[in-house]
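All values reported here derive from a predicted model rather than from experimental measurement. This chain uses plain numbering: 1 for the first residue, then up along the sequence.
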Amino acid sequence: MNFKKVSEVRKIFLDYFKEKGHTVVPSSSLLPAGDPTLLFTTAGMVQFKPLFTGAVELPYTRATSAQKCLRTTDLENVGKTERHCTFFEMLGNFSFGDYFKEEAIEYALDCSVNHLGFPKEKIWITVFENDDEAEKIWISKGIPKDRITRLGKKDNFWGPAGDSGACGPCSELYLDRGPEKAFPDCGVKYECKPGCDCDRFLEFWNIVFNQFNQDTEGNLHPLKQTGIDTGSGLERVALLLQGVDSVYDTDELRGIITEVEKISGKTYNESTKVPFRVITDHIRSVLFTVSDGIYPDRTGRGYVIRRLIRRAVLFARKLDLREPFLYKLAKSVCNIYKERYPDLEKHISSVERTLLAEEELFLKTLEIGLEKIEVLVSKTKSEGSSIFSGKDSFLLYGTYGFPAEMTEEIVAEHGLSFDKKGFEEELEKDRQSSRETWKANKVSLFTGIKTDKTQFLGYDSLEAESDLKFIFSDNKQVAALKEGESGVLVFSSSPFYPEGGGQVGDIGFIRKDGSVFKVLDTQKENDIILHIGTVLSGSFSTGDKASLEVEKERRERLKFHHSGTHLLNGALRKLLGNHVLQKGSIVSPEYLRFDFSHPSPLSIEEIRNIESWVNESIGRHIPVDTKVLPIEEAKKTGAVAAFDEKYGDSVRVLQMGDRSLEFCGGTHVVNTGDIGYFFIKKESSPGAGNRRIEAVAGPLVVETFQNRFAELTEAVQNLNLKIKDELGVEGASLSIKTIIPGPDEIRSLFGSKGADAVVSLRDLSEKLSVELEETQSKFLKEKKNRESRDFENNPEVIAKVFENSKMIGSAKIVSAIFESKDAKALKGLSDNIKVREKEIVAILASKNAEDASIVITCSSSLVGKIHCGDLVKTACEILGGKGGGKPDMAQGGGKEVSRVEEAVRSALEKASSSLNGGK
């Protein structure tokens, strides 16, 4: 086999299938569009799921791609095995109702042997245990039967990706790497062939014969069209062609390892390979995910990314890397992949900033957290337990920032199991418990104590040194706090912003000679700043000098939202009128909320105008100026005062050009352009005479639209599937064909158009929402019409009507009662009944959930003897409703559903009497 670089393998594969008539489709984002069952794109077929299920119109019937993927199901194995990665590229070729098994098998073998260069005599095949057809095709292509293995559902049935989607039996290609790669007993004690756990046979190509669609309940339904989904791991193919034993020794990953060697000064070898591989894999994963707009966070996808960063930082200690270093690797890794993925370079600055912030945050508690875990492990063992408690795990998570899975991995190295259930119980307790009681009791802290106010330094700096003046614990003044104890620290000066003016308090760390205090909240009492938290290590005593550090990333988000709140207030007063007064606000890292006086709900047009006004203000890049003025002088400026806020002798006035002028002590951006974007998520009422707006600003706007369009995509796909399933070809015109932007397009739109993207994406979002609602309504109407037509012409239904018939003279009277049919369906059925007899009276009724319907018709020759309107009125009196009509057709209904039988019987008796001449 000839050595081929990873980039060559990728090109050979895509070029081959392009020549075979496949459309080369670019890799989609790692953020899956329209599939909430997946955290990340985990396979090449994810972006094609709607094409397999028939949820969208096919843009092509053959496709090929090199898809970036992320899987973290076996994260603890990454770095410890030769082939486990979180990020990887999946080569794939796909057929949507075009070719099936014969061509897929032919393409796989031809590409593998004649283009990639695998020796045909060393290729082995697996097929699903009862797939005779696939086995026959392989034999016809020259693979001997003794090199074909049948495996069960666990090994040879694939999918779906996520909780639902296309799936089916599969066939895999393996390369025989020679008996030297086998276990010593293979061939003697074991039968060595694909499926054996040794390294002799390595799978490099998987063909899935998609025949089923699995719903979210796990049920399999036949696909309307069969399809092919091929997956071939790029790094794994390269491993075989390059003749190495590990994917980490292939050229691209080895390039990252070389960069880690430069930064660490260590050599990659057998004893150091695990930390090198962990760092190599995780930096690549984080580079691609953050570039796709997935940022570290406390929950969901963001939690996974934070966990990857922290795991890399943890393993880096084995290479003596104790300072932030991942951010330094980002550009080098970008250079390796930017030719294939040019968007990486556009977002490299964002990646570097994100990595540095995350590394700095974790490193602040990592050292003492590791010391703490050693103590807790020793305590667990001394107690004779082999289970690391959930309470201890939660302490490490909540106080030291250790993800539970990382703690599980660390304690496993000490021979302890992890109490996952106990951890989740502690987590739930914490969610339900109230915040520290300091807020409720802080009024009593300074009783009898005289002290100067705290000098606030946080407008200009997020770090400062200061003298510790007071310590409080359990609402009492104390001289010191030691490790594990919670309390309140008061300094002469502080960069920590205390909760006020709607803005929540800062969090961060306070340090002194190896001692660390974690600030969980910041409050204020009589201009004295209270730092509320826990001592992580060492101790703190009054008189100490300490370093105070605010968490930067969180403060940035607060600034975006607080400055956005001021612009929102300016927009409301400008566009709605000066009657608008602030009635309350919340400025948090996740969102802003603003309550204001206004007598009526805002129209869609008003919301759009307000949002546009704010974004226009952002786009003007207006400097944000502040002045501290005596209160009376400040009032003369015309600045707007916040609702229910108490002001002292002097006040801080904050101005954004001609767009906003307010009293405010909060933290803000330097220039409105720093905010980036603003988006109103919701408008509602908190009470009579007031309105409430919830909004997001900054990078969260991009994330909001990514999530919104993911939900819309799913809704569109599900509706299209329902239409096709229930209406078939007739419903094709109802299907929604509007192109919905994916995560990549959304980020690109924000990058190129800035705040204008908010307008265009809001327009598209609203248009799609309306179209969805209208299409759903049309679908339900058409479905109902079809059900009515099927009902009206159903021979069994007609037979049921004629079962209850009787002759009176030459006329026949028929009647029937149905479930859940409307008057229109009954009318259609009665018309069908009338044409089947020369003289007939039809009395048809239906019991619905909340009411009953009745329709009575008769042949025109019976008019004079029968008046259908009179018969319906008689029935409707019993049903507690109204009805009427012409002599030959009438309808009505009522709410007395339980009396339908009585109503029909009464109409029957009256009709019989009329036909008998009133006898």
**Report entry** Electrostatic pair E590-R298, nearest N-O below 4.0 angstrom
**Finding:** yes
Query raised in the report: Rounded to the nearest 0.5 Å, how far apart are CG of N615 and CG of L567?
Result: 9.5 Å
Query raised in the report: Taking all atoms of both residues into account, what is the closest heavy-atom pair of G390 and D419, and its distance?
Result: N-OD2, 3.5 Å
Report task. Classify the ring geometry between H598 and F596 as parallel (under 30°), tilted (30 to 60°) or perpendicular (over 60°). Result -> tilted
Query raised in the report: Can you tell if the side chain of P403 reaches within under 4.5 Å of the side chain of R310, non-hydrogen atoms only?
Result: yes
Query raised in the report: Could you give the distance from OG1 (T354) to CD1 (I305), rounded to the nearest 0.5 Å?
Result: 11.0 Å
**Report entry** E632 and K635: CA distance, side-chain angles, deciding distance, salt bridge (Lys or Arg N to Asp or Glu O under 4.0 Å) verdict
**Finding:** CA-CA 5 Å; E632 293 305 320; K635 288 178 180 177; 3.7 Å; yes
Query - Side-chain heavy atoms of F423 within contact of T407, under 4.5 Å - result: no
Query raised in the report: Any side-chain heavy-atom pair from L370 and E374 closer than 4.5 angstrom?
Result: no
Query raised in the report: For the side chain of R692 and the backbone of D595, is there at least one donor-acceptor N/O pair under 3.5 Å apart?
Result: no
Report task. In sequence, state the C-alpha distance, the side-chain angles, and the governing distance for F678 and V701, and then conclude on side chain to side chain contact (heavy atoms under 4.5 Å, CB included). Result -> CA-CA 7 Å; F678 178 88; V701 175; 5.6 Å; no
Query raised in the report: Checking side chain to side chain contact (heavy atoms under 4.5 Å, CB included) for the pair V624/D674: CA distance, chi angles, key distance, verdict?
Result: CA-CA 10 Å; V624 178; D674 297 339; over 6 Å; no
**Report entry** Donor-acceptor contact present, side-chain R301 to main-chain L39, <3.5 Å
**Finding:** yes
Report task. Go through the steps for E551 and K518 under the test salt bridge (Lys or Arg N to Asp or Glu O under 4.0 Å), then give the verdict. Result -> CA-CA 11 Å; E551 187 180 313; K518 185 173 184 179; over 6 Å; no
**Report entry** Criterion side chain to side chain contact (heavy atoms under 4.5 Å, CB included) against H668, the qualifying member of Q503, K559, H562
**Finding:** H562
**Report entry** Crowding at NZ, K381 (>12 non-hydrogen neighbours, <6.0 Å)
**Finding:** yes
Requested in this report: Give a yes or no answer on whether the side chain of Y459 reaches the backbone of G665 with a donor-acceptor pair at less than 3.5 Å.
Outcome: yes
Query raised in the report: Looking at E409, E408, E76, E358, which hits salt bridge (charged side-chain N to carboxylate O under 4.0 Å, His left out) with R311?
Result: E409
Requested in this report: Give a yes or no on whether the backbone of G666 and the side-chain of R652 come within a donor-acceptor separation of less than 3.5 Å.
Outcome: yes
Query raised in the report: Of all heavy-atom pairs between R573 and V580, which one has the smallest distance, and what is that distance?
Result: NH1-O, 2.7 Å
Requested in this report: Measure from the side-chain N and O atoms of N690 to the backbone N and O of G687, and report whether any donor-acceptor pair falls under 3.5 Å.
Outcome: no
Query raised in the report: Checking side chain to side chain donor-acceptor pair (under 3.5 Å) for the pair T451/K469: CA distance, chi angles, key distance, verdict?
Result: CA-CA 9 Å; T451 184; K469 298 179 68 177; 3.1 Å; yes
Requested in this report: Any chance you could lay out the side chain to side chain contact (heavy atoms under 4.5 Å, CB included) test for H561 and L700, step after step, and finish with the verdict?
Outcome: CA-CA 10 Å; H561 284 142; L700 281 173; 3.6 Å; yes
**Report entry** Rounded distance (nearest 0.5 Å) linking atom OG1 of T72 with atom NE2 of H282
**Finding:** 9.5 Å
Query raised in the report: Could you go step by step and tell me if E424 and K421 meet the salt bridge (Lys or Arg N to Asp or Glu O under 4.0 Å) rule?
Result: CA-CA 5 Å; E424 289 173 349; K421 183 181 178 184; over 6 Å; no
**Report entry** Nearest non-hydrogen partners of L520 and T534, listed with the distance
**Finding:** CD1-OG1, 4.1 Å
Query raised in the report: In this structure, are over 12 heavy atoms from other groups packed under 6.0 Å from K552 atom NZ?
Result: no
Query raised in the report: Hey, are S493 and S466 close enough side-chain-wise for a donor-acceptor pair under 3.5 Å?
Result: yes
Query raised in the report: Once you round to the nearest 0.5 Å, how far does CG of L581 lie from NE2 of H579?
Result: 8.5 Å
**Report entry** Trace of the salt bridge (Lys or Arg N to Asp or Glu O under 4.0 Å) decision for K545 with E465
**Finding:** CA-CA 7 Å; K545 185 176 280 294; E465 286 197 349; 5.1 Å; no
Query raised in the report: Rounded to the nearest 0.5 Å, how far apart are CG of L536 and CZ of R511?
Result: 8.5 Å
Report summary line: V669 and F560 have their tightest heavy-atom pair at CG1-CD2, 3.8 Å
Query raised in the report: Atom CG of L592 and atom NZ of K681: how far apart are they, to the nearest 0.5 Å?
Result: 10.0 Å
Report task. For N671 and H621, indicate whether the former's side chain and the latter's backbone hold a donor-acceptor pair under 3.5 Å. Result -> yes
Query raised in the report: Would a 4.5 Å heavy-atom cut-off, applied to side chains only, mark T522 and V550 as touching?
Result: no
Query raised in the report: Does any non-hydrogen side-chain atom of E553 lie less than 4.5 Å from one of L361?
Result: no
Report task. May I ask you to decide if I680's main-chain N or O and E611's side chain share a donor-acceptor pair within less than 3.5 Å? Result -> yes
Query raised in the report: Do side-chain atoms of S539 reach the backbone of K482 as a donor and acceptor pair under 3.5 angstrom?
Result: no
Report task. Taking the six-membered ring for Trp and the full ring for Phe, Tyr or His, determine whether the centres of F509 and F496 are under 6.0 Å apart. Result -> no
Query raised in the report: Is the number of heavy atoms from other residues, nucleotides or ligands under 6.0 Å of E323 CD greater than 12?
Result: no
Query raised in the report: For atom NZ of K453, is the number of surrounding heavy atoms from other residues, nucleotides or ligands below 6.0 Å larger than 12?
Result: no
Report task. Walk me through it: do I387 and T380 pass the test side chain to side chain contact (heavy atoms under 4.5 Å, CB included)? Result -> CA-CA 7 Å; I387 301 172; T380 303; 5.9 Å; no
Query raised in the report: Under a 4.5 Å cut-off applied to non-hydrogen side-chain atoms, are E371 and V375 in contact?
Result: no
Query - Short side-chain to backbone donor-acceptor contact, R322 and E367, under 3.5 Å - result: no
Query - Non-hydrogen side-chain atoms of E360 and Y327 separated by less than 4.5 Å - result: no
Query - Nearest heavy atoms of H531 and S494, plus distance in Å - result: NE2-OG, 2.7 Å
Report task. Determine yes or no for a side-chain-to-main-chain donor-acceptor pair under 3.5 angstrom, with Q582 supplying the side chain and F594 the backbone. Result -> no
**Report entry** Atom of V504, atom of S588 and distance for their closest heavy-atom approach
**Finding:** CG2-CA, 4.2 Å
**Report entry** Verdict with reasoning, F362 to F402, per ring pair (Phe, Tyr, Trp, His ring centres under 6.0 Å)
**Finding:** CA-CA 9 Å; F362 187 46; F402 279 39; 5.7 Å; yes
**Report entry** Any L481 side-chain heavy atom under 4.5 Å of L489 side chain
**Finding:** yes
